[in-house]
Amino acid sequence: MSLLKITLNGETRETDAETLGELCASLGFSDMKIATALNGEFVPVGRRAETRLGQDDRIEIVAPRQGG
Amino acid sequence: MVEFYGESFTSRLILGSALYPSPEIFRQAAEASGAEIVTVSLRREGAREKTGQDFWRLVQSLDVRVLPNTAGCRTVKEAVTTAMMARELFDTPWVKLEVIANDDTLQPDLFGLVEAAATLTGEGFKVFPYTTEDLSAAEKLLAAGCEVLMPWASPIGSGQGLNNPTGLESLRAYFPKVPLVIDAGIGAPSHAAAAMEMGYDAVLLNTAVAKAEDPPKMASAFAQAIRAGREGFEAGLMPRRNMATPSTPVAGTPFFEFGDA
């Protein structure tokens, strides 16, 4: 299986996940309160499983945080 | 009561959730403030720490409405995508829209703000734009579908209070029916009271409470100041005069003779 080079939350890494859903699961986020974006576009929770990852994709995984 | 997008609230204090010494002190401050709306944000979640999950449980325990922000966004695109992530994450169409122009002043990029607001209202968001007292920007935000405006008092976190009271009074006078919230720059309860006396509908603050020596006590002080300022506005302030006018009756003053002085 070939590894994809991706940028996850600003850090370059390799992954064998083929979809955004698989990536989230591999990081232990399956039941967590998170939201995702791929290459600057929001990806709703219902579309993570069908959203395929590609070489050099930029992925954001965010969660609630303190704010003013 | 104050109304935002058709929902009524008793408290006119909107509290930020950041910069407190501990989550427990934030919880105490939120309770002491009586705030029914608390601002929150979203940030990158680490796979190991998963710090956002604990914070979310704390917010849920407070029984408040959350107002997610787009803090730190510098472009329309970032702000719109962040708002969309926030809508799913917090399950609310409300968003405190920030498009930041400058790192030193954290002042809003009004051009980007108007553009992002139009996009988001078109997508069904209820936008609370962080803006300035600029009247033309206010008109464009309202035309873009915003039903609330949130002008700054002074730069975020500066505690300077109302830097342009005349401009803020003009904004209030131009838009008497629009809910107006002072957002940012409030440092002391007296600043909040002054904004409320002008007829502002609510005050959003964070640093002034979070960085106080005793945040819960300061939250209570702000709650009282905001109530006092609102009551003062509703009661109708007396007209200001340049010269003194005696409050004690002049007639009957002892030792008074016509022709004196």
**OP:** With rounding to the nearest 0.5 Å, note down the distance linking CD1 in I6(A) to OG1 in T12(A).
**Re:** 9.0 Å

**OP:** Please tell me if the side chains of L15(B) and T39(B) come closer than 4.5 Å, counting only heavy atoms from C-beta onward.
**Re:** no

Subject >> From CE (M32(A)) to CD1 (I34(A)), nearest 0.5 Å >> reply: 9.0 Å

Subject >> Among R48(B), E88(B), M84(B), residue most engaged with chain A (heavy-atom pairs, under 4.5 Å) >> reply: E88(B)

Subject >> Beyond-backbone contact of V95(B) with F128(B), side-chain heavy atoms, under 4.5 angstrom >> reply: no

Subject >> Within-4.5 Å side-chain heavy-atom neighbours: R87(B) and T92(B) >> reply: no

**OP:** List the steps and the verdict of side-chain hydrogen bond (donor to acceptor under 3.5 Å, both in side chains) for S220(B) and Q224(B).
**Re:** CA-CA 6 Å; S220(B) 166; Q224(B) 294 175 69; 3.3 Å; yes

Original post:
Is there a donor-acceptor contact under 3.5 Å linking the side chains of E123(B) and T119(B)?
Top reply: no

Original post:
Nearest heavy-atom pair of L13(B) and A223(B): which atoms, and what distance?
Top reply: CD1-N, 3.7 Å

Original post:
Taking the six-membered ring of F55(B), is the NZ or CZ of R65(A) close enough (under 6.0 Å from the centre) and on axis enough (within 45°)?
Top reply: no

**OP:** Give me the contact list for residues 62-79 of chain B versus chain A, heavy atoms only, anything under 4.5 Å, ordered by residue number.
**Re:** N69(B), K77(B)

Subject >> Residues of residues 21-29 of chain A with any heavy atom under 4.5 Å of a heavy atom in chain B >> reply: L27(A), G28(A), F29(A)

Subject >> Pairwise side-chain contact, T19(A) with T51(A), heavy-atom cut-off 4.5 Å (strictly under) >> reply: no

Original post:
Which residues in residues 53-61 of chain A have any heavy atom lying under 4.5 Å from a heavy atom of chain B?
Top reply: E60(A), I61(A)

**OP:** Evaluate the side-chain proximity of V181(B) to Y200(B): yes if any heavy-atom separation is below 4.5 Å, no if none is.
**Re:** no

**OP:** Taking the side chain as every heavy atom from C-beta outward, state whether L168(B) and P151(B) have any pair of such atoms under 4.5 Å apart.
**Re:** yes

**OP:** With chain A as the partner chain, list the residues of residues 100-109 of chain B whose heavy atoms fall under 4.5 Å from it, by residue number, and write 'none' if nothing qualifies.
**Re:** none

**OP:** Would you indicate whether the side-chain heavy atoms of L97(B) and Y130(B) approach each other to under 4.5 Å?
**Re:** no

**OP:** To the nearest 0.5 angstrom, please state how far the CD1 atom of I25(B) sits from the CD atom of Q28(B).
**Re:** 6.5 Å

Original post:
Do the ring planes of W94(B) and F4(B) sit parallel (below 30°), tilted (30 to 60°) or perpendicular (above 60°)?
Top reply: perpendicular

Original post:
Looking at side-chain heavy atoms only, is the closest gap between I182(B) and M150(B) below 4.5 Å?
Top reply: no

Original post:
Is the backbone of V127(B) close enough, under 3.5 Å, to the side chain of Y5(B) for a donor and an acceptor to pair up by distance?
Top reply: yes

